[in-house]
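Everything on this sheet refers to the single structure shown next.
Order of the sequence lines sets the chain letters (A, B, ...), proteins ahead of strands, with each chain counted from 1.
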There are 2 protein chains.
Amino acid sequence: MRTSTLSTPNNGAPPRPAVALKLEAFTRLSGDDVAALQRLTRNLRTIEARRDLIREGEVPVQTHLILKGWACRYKSLPDGKRQIVSLLVPGDLCDLNNHVLREMDHSIGAITSLKVSLISRDEMEALTAEHPRVAQALIWDALVDQATQREWLLNLGQRSAYSRVAHLMLELFLRLRTVGLTIGQSCDFPATQNDLADATGLTAVHVNRMLQELRADGLLELERRRLFIPDLEALRTAAMFNPNYLHLDHEGRSLDASV
Amino acid sequence: MRTSTLSTPNNGAPPRPAVALKLEAFTRLSGDDVAALQRLTRNLRTIEARRDLIREGEVPVQTHLILKGWACRYKSLPDGKRQIVSLLVPGDLCDLNNHVLREMDHSIGAITSLKVSLISRDEMEALTAEHPRVAQALIWDALVDQATQREWLLNLGQRSAYSRVAHLMLELFLRLRTVGLTIGQSCDFPATQNDLADATGLTAVHVNRMLQELRADGLLELERRRLFIPDLEALRTAAMFNPNYLHLDHEGRSLDASV
DNA sequence: CGTCTGGTTGATACGACTCAAATTTGGTGG
DNA sequence: CCACCAAATTTGAGTCGTATCAACCAGACG
């Protein structure tokens, strides 16, 4: 009894990979585009939970595509403090173009155990050369990433601890929804309160208190690695959440592939 | 008696525009490359201090290049709070590729009166097609922008108010230095304490106190729109500043134009 | 069954905010 | 050149949000 009534209908067809689902929030892809994205998953790698995928100071080479699990980009201070600067979920790409820089200025760590695909620069160039629609969608994706970073700055700089936590949870929920990883009003949510603390610039203790308050207010429940949002609209208000930065409304529809 | 002894020697040649100086922190440009960058300044626009260049919700069209003055990207919350998410100084480009998005998710405001150049998408495409070295440098520049956003997240999330202010000032000083806008250990610094507050997520009152403390500690002086840093190394330590994110060490030198 | 990681609770401390007023600076027009 | 005004900075007193520290508890796992 858990048919995913909310995901895109997909009768019989092979399941679209998360990255395709995400890019289709921008423009409709052709079967050929999707197949090309499928083919990016040739060079797989598995990473254990809590290991680093790549560390500050190393030389960036391939692009990574998250297939399964959660990861985070983070930066650390000499005094040991850590800031998570973005969360990566299935369908997210990291380090497009990064070969231009000589060394990483931040690290990427696995939150859960991870399945990622390594994509060489050549592969990526071939993809964008042969699939201009995908190329455009990748630019859109990169711009959305940047917009998300800006929204996080707003979050850290101006929102109260309460709205800050609410905002983060809601963003993740919506991002997971676009890649088909929600069921109704809930989704897996493997980040620990410690991770949430590092992402919001709060302490784990305070995150815990905010989560309890949010729960008491009927805005969300987080338990056993599972998030449930009883009332999206109420949470949206509490978080002062404006979804415009996610640019999810098919802005590139003029490029849509004919069905 | 104000020969700028610290800028790149430039005997008799026409002065390099700020954007060229900046890109040359990545790779040495040819005379032709520089000339092409010069030609980007055909469509000029002047903006008064404290006016907006473009507002959230508007349709992004051209790319802007800051020629003179300071600007900032910012986002606001329904309750009126404002977060500056980046500061723009001469040589900075905004919204490369932004035409892909249908609407701006943030605004750009002038801090001082501003001279900017408007660059059409076609102009930009011609430039990158004809000047691959510049194209690479622009990619580098965009990556540095993103790295800077990440560093700001670290700043807001993990540094104390004291280091946070120190870090911001030092970053600006170094960025201005790469475009030749410092004289020795000082530079113009037109941002108000209010601007600094909005950029650091502090209140103006508290920024004021931190500046006084930094001054008392001999780390910097800010007065009459002018910044002076007596001891860069001491400030670097206090700010826990790691310059790696600015990627200023000619990482693309393998692409250098022959002199 | 014991260990470990993550979550929860309470008491206390402090960094940063708020509010309000005074002062200085910079710009403008007489 | 001075008088005036608005904007920016500075100061002080009091408060509040979030951090800190230290236990304790609950599941997950070997």
Side-chain angles (χ1 to χ4, degrees), chain A residues 48-51 70 72 77 79-84 109-113 155-166 168-169 188-216 220-227 238, chain B residues 48-51 70 77 79-84 109-113 155-169 188-216 220-227 238:
Chain A
E48 281 176 63
R50 303 294 158 189
R51 287 281 161 71
W70 288 27
C72 63
L77 246 24
D79 65 5
K81 294 198 159 111
R82 177 175 92 132
Q83 177 66 36
I84 290 180
I111 287 182
T112 64
S113 77
N155 212 24
L156 290 191
Q158 305 300 336
R159 271 185 268 255
S160 68
Y162 181 85
S163 313
R164 212 185 293 183
V165 173
L168 180 63
M169 308 298 284
D188 281 335
F189 201 99
T192 65
Q193 294 184 6
N194 228 308
D195 296 326
L196 294 177
D198 287 347
T200 52
L202 302 167
T203 58
V205 171
H206 206 56
V207 165
N208 180 277
R209 290 176 170 139
M210 294 303 103
L211 287 171
Q212 288 181 52
E213 230 177 276
L214 286 163
R215 165 166 227 179
L220 60 79
E221 290 168 34
L222 179 58
E223 215 182 350
R224 314 296 205 82
R225 312 276 108 113
R226 197 135 185 103
L227 170 66
Chain B
E48 281 176 62
R50 302 294 157 191
R51 287 282 159 71
W70 287 28
L77 245 25
D79 65 5
K81 293 197 160 111
R82 177 176 94 131
Q83 177 67 36
I84 291 179
I111 286 182
T112 64
S113 77
N155 212 25
L156 290 190
Q158 306 299 336
R159 270 185 268 254
S160 67
Y162 181 84
S163 315
R164 211 184 293 182
V165 173
H167 192 280
L168 181 63
M169 309 297 284
D188 281 335
F189 201 99
T192 65
Q193 293 184 9
N194 227 310
D195 295 327
L196 294 176
D198 288 347
T200 52
L202 302 167
T203 57
V205 169
H206 206 56
V207 165
N208 181 276
R209 289 175 170 139
M210 294 303 105
L211 287 172
Q212 289 181 52
E213 231 178 274
L214 287 162
R215 165 167 226 179
L220 60 79
E221 290 168 33
L222 181 58
E223 215 182 351
R224 313 299 203 82
R225 312 277 105 114
R226 196 137 186 102
L227 170 65

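With sequence neighbours excluded, the residues forming a ring pair (Phe, Tyr, Trp, His ring centres under 6.0 Å) with A:F189 are A:W70, listed by chain and number. Checked against side chain to side chain donor-acceptor pair (under 3.5 Å), B:S163 has the following partners two or more places apart in sequence or in another chain: B:S160. The side chain to side chain donor-acceptor pair (under 3.5 Å) check on B:D188 picks up B:R226, with sequence neighbours excluded. For A:R50, the side chain to side chain contact (heavy atoms under 4.5 Å, CB included) criterion is met by A:I111, A:T192, A:D195, not counting sequence neighbours. Take A:R225 and apply the salt bridge (charged side-chain N to carboxylate O under 4.0 Å, His left out) test, not counting sequence neighbours, and it matches no residue. Take B:E223 and apply the side chain to side chain donor-acceptor pair (under 3.5 Å) test, not counting sequence neighbours, and it matches no residue. In this structure, the side chain to side chain contact (heavy atoms under 4.5 Å, CB included) partners of A:Q158, at least two apart in sequence or on a different chain, are A:L154, B:L77, B:K81, B:Q83.
Phosphate proximity of D:dA7 to B:Q193: absent, as no side-chain N or O sits under 4.0 Å from OP1 or OP2.
The interatomic distance linking B:L214 (CG) with D:dT10 (P) rounds to 13 Å, in whole Å.
A:R50 comes within 4.0 angstrom of nothing in the nucleic acid, heavy atoms only.
Pairs of residues two or more places apart, or lying in two chains, never qualify as salt bridge (Lys or Arg N to Asp or Glu O under 4.0 Å) while including a residue from residues 203-214 of chain B. Evaluation of the salt bridge (Lys or Arg N to Asp or Glu O under 4.0 Å) test over residues 196-208 of chain B, restricted to residues two or more places apart or in two chains, returns B:R82-B:D198.
Bracketed by its first and final contacts, the part of DNA chain C lying under 4.0 Å from non-hydrogen atoms of chain A reaches from C:dG6 to C:dA11 in 5' to 3' order.
Counting heavy atoms from C-beta on, the side chains of A:V165 and A:M169 come closer than 4.5 Å.
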Next item on the list: Would you mind building the protein contact string for nucleotides 15-28 of chain D? One character per nucleotide, 5' to 3', B for base within reach (heavy atoms under 4.0 Å), S for sugar-phosphate only, - for untouched.
Entry: ---BSBB------S

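Comparing the local axis fitted to the first five base pairs of the helix from C:dT8-D:dA23 to C:dG30-D:dC1 with the one fitted to its last five gives a bend of 50°, rounded to 10°.
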